Amino acid sequence: MPPKVIGPYRVLETLGSGGAGTVYRALDRRTNDEVALKLLSAGPALDARAARRLAREFDTLAELSHPNVVKVFESGVHQGWPYLAMELIEGLTLRHYLDMSGEDLLSTPNGLTPRSPLPVRRTADDDFGPGSDDSVSASQESGEAVFGLEAFADEAPSEDLASFAGGGMTGGMSAAGYDSDDSYEGLAPPPPAPRRPASEDHGRVLRVDELNRPERMGRLKDAMLQVCEALAYIHGHGLVHRDLKPSNIMVDEDRQVRLMDFGLAKFLADDVAITEAGKMVGTYRYMAPEQILGEPLDGRSDLYSLGVILYELMSGRPPFDAKTPHELWRQVLETEPPPVLALNLHGDPQLARVAHRLIRKEPDDRFQTAEEVYEALSE
Ligand SMILES: Nc1ncnc2c1ncn2[C@@H]1O[C@H](COP(=O)(O)OP(=O)(O)OP(=O)(O)O)[C@@H](O)[C@H]1O
């Protein structure tokens with residue numbers, strides 16, 4: 001059961017939950033405004049010192065203001081658990097926004113609410129369970145390949161479309177639900193990954209020609225440009241997102257993109273207890289090599305994550321895919337991903353070039369700023 005009241009907010013419904021906690025639609029009883037309230041529950045309840053640090057961190061975020069960055073209103077502590085009040089976005093996460101066909105978008109009452117939940121297996125962003133490597137099917141040469149949505153199966157259960165179909169969400173994956181081993185010692189070479197034929201894929205499939213629909217590509221490009229604007233803004237303020245992934249990007253009814261959850265990863269990374277409990281700081285699949293290695297990060301690490309997102313949304317599968325964090329890390333650090341255009345023969349060559357340059361292993365070899373990426377995407 002969700003709490004009825006959190007600080008000055010009355011909880012109205014559960015919007016979803018992820019590795020760090022649960023997000024509620026809530027009413028600010030002081031102003032009668034609705035907000036999205038994220039209650040963190042990944043670690044032990046905060047002590048007074050950690051609570052003060054949270055307040056300091058989020059005071060900084062609350063000062064930021066950009067049309068593509070979700071507005072943070074305030075933070076607080078509810079029975080020892082930190083919470084964050086932010087702008088309520090009526091919309092979809094980037095992945096669902098791009099999974100939908102143009103018809104879906106146009107035929108729904110508010111333009112973004114899907115008709116019904118899709119039968120898609122959803123796992124956490126760092127779930128390496130069975131099927132995590134099953135995304136690409138045969139017959140790519142013909143341009144007729146189909147991709148199971150398992151290719152996108154890195155979303156938390158909170159992302160189930162039910163939460164947008166008026167049903168709200170209960171449950172979801174708790175941090176304790178992660179069973180992946182994230183220690184970095186004793187890397188073993190990955191066993192060959194079995195690939196199932198497309199017919200065994202469950203749920204909706206996206207064909208390559210669906211991925212390339214001009215309308216979808218237009219939306220993808222436009223969303224990427226807006227993410228670049230958001231990144232340019234936060235990097236300009238000396239901040240790094242650290243956990244950029246499709247579930248942290250929302251698109252509202254006016255197709256305006258909002259970058260979410262930034263700043264949170266740093267707070268959680270700095271809190272060893274929370275980090276160990278949740279294992280969710282920087283989702284592995286989107287993490288830059290330097291982040292995996294625990295090296296200092298700058299804006300270029302976010303650009304790497306942006307490249308993974310672009311690669312995945314263009315090709316139907318992530319550049320590196322593995323069943324365990326060890327395997328994934330080895331691939332990220334040592335191997336080259338297949339060319340996007342080998343997976344999607346008719347993909348946009350310019351976007352493919354941008355994606356590949358963003359996911360270069362050395363930060364110096366990538367685009368250096370979000371502004372540069374914006375320009376390259378606009379060419
Ligand atoms: N500001 C918001 N407005 C509307 N819905 C939101 C907002 N923030 C989050 N949500 C919804 O709540 C869901 C859960 O968000 P949350 O940030 O807890 O999880 P996540 O980003 O999927 O995972 P993680 O916490 O591991 O990064 C999101 O997928 C989204 O559907």
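Just so you know, these numbers come straight off a predicted model, no measurement behind them. As the structure lists them, so they are numbered: ligands from 1, and atoms in each ligand from 1.
- Ligand-side atoms of ligand 1 in range of M86: 1 (N), 8 (N), range being under 4.0 angstrom from any heavy atom.
- Contacts between T22 and ligand 1, counted as non-hydrogen atom pairs separated by less than 4.0 Å, are absent for every part of the residue.
- Those atoms of ligand 1 with a heavy atom of A36 less than 4.0 angstrom away are 1 (N), 2 (C), 3 (N).
- Of all the listed residues (E34, M250, R95, K71), M250 holds the heavy atom that lies closest to atom 6 (C) of ligand 1.
- L333 is connected to M287 through a chain of hydrophobic side-chain contacts under 4.5 Å among Ile, Leu, Val, Met, Phe, Trp and Tyr, so both are in one cluster.
- Looking at K245, R258, M260, it is K245 that brings a heavy atom closest to atom 24 (P) of ligand 1.
- Residues V11 and V5 fall into different hydrophobic clusters, defined by Ile, Leu, Val, Met, Phe, Trp and Tyr side chains chained together at heavy-atom separations under 4.5 Å.
- A cation-pi contact, defined as under 6.0 Å to the ring centre and within 45° of the axis, is absent between R317 and Y311.
- Distances below 4.0 Å separate heavy atoms of D261 from the following atoms of ligand 1: 17 (O), 21 (O), 27 (O).
- Residue contacts with ligand 1 for I89 involve both N, CA, C or O and side-chain atoms from C-beta outward (heavy atoms, distance under 4.0 Å).
- Atom CZ of R25 has more than 12 neighbouring heavy atoms from other residues, nucleotides or ligands inside a 6.0 Å radius.
- A chain of hydrophobic side-chain contacts below 4.5 Å, direct or via other Ile, Leu, Val, Met, Phe, Trp or Tyr residues, connects L306 to Y233.
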Practice problem: Check the pair E295 / R300 against salt bridge (charged side-chain N to carboxylate O under 4.0 Å, His left out), numbers first and verdict last. | Solution: CA-CA 12 Å; E295 292 172 357; R300 295 172 301 177; over 6 Å; no
Exercise. Quick one: do R285 and D321 satisfy salt bridge (charged side-chain N to carboxylate O under 4.0 Å, His left out)? Show the steps, please.
Key: CA-CA 8 Å; R285 191 169 280 166; D321 204 1; 3.2 Å; yes
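- Of the candidates I309, T93, V308, L313, P246 forms a side chain to side chain contact (heavy atoms under 4.5 Å, CB included) with just one, namely I309.
- Taking only nitrogen or oxygen atoms, main chain and side chain alike, T93 does not reach within less than 3.5 Å of ligand 1.
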Quiz item: Could you walk me through whether L358 and V373 pass the side-chain contact (heavy atoms from CB on, under 4.5 Å) check?
Solution: CA-CA 8 Å; L358 286 167; V373 185; 3.7 Å; yes
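- The contact set between ligand 1 and K38, taken as ligand atoms under 4.0 Å from a residue heavy atom, comprises 16 (P), 17 (O), 18 (O), 25 (O).
- For ligand 1, the atoms sitting less than 4.0 Å from at least one non-hydrogen atom of G21 are 18 (O), numbered in the order shown with element in parentheses.
- Per-residue contacts place L15 under 4.0 angstrom from the following atoms of ligand 1 (heavy atoms of the residue considered): 4 (C), 5 (N).
- Heavy atoms of E87 found under 4.0 angstrom from ligand 1 belong exclusively to the backbone.
- Only one option out of R216, M314, H346 pairs with L211 in a side chain to side chain contact (heavy atoms under 4.5 Å, CB included); it is R216.
- Residue-ligand proximity, S247 to ligand 1, at heavy-atom distances under 4.0 Å covers atoms 20 (P), 21 (O), 22 (O).
- The closest approach between R25 and ligand 1 stays at or above 4.0 Å for every heavy atom of the residue.
- Residue S17 has no N or O atom closer than 3.5 Å to an N or O atom of ligand 1.
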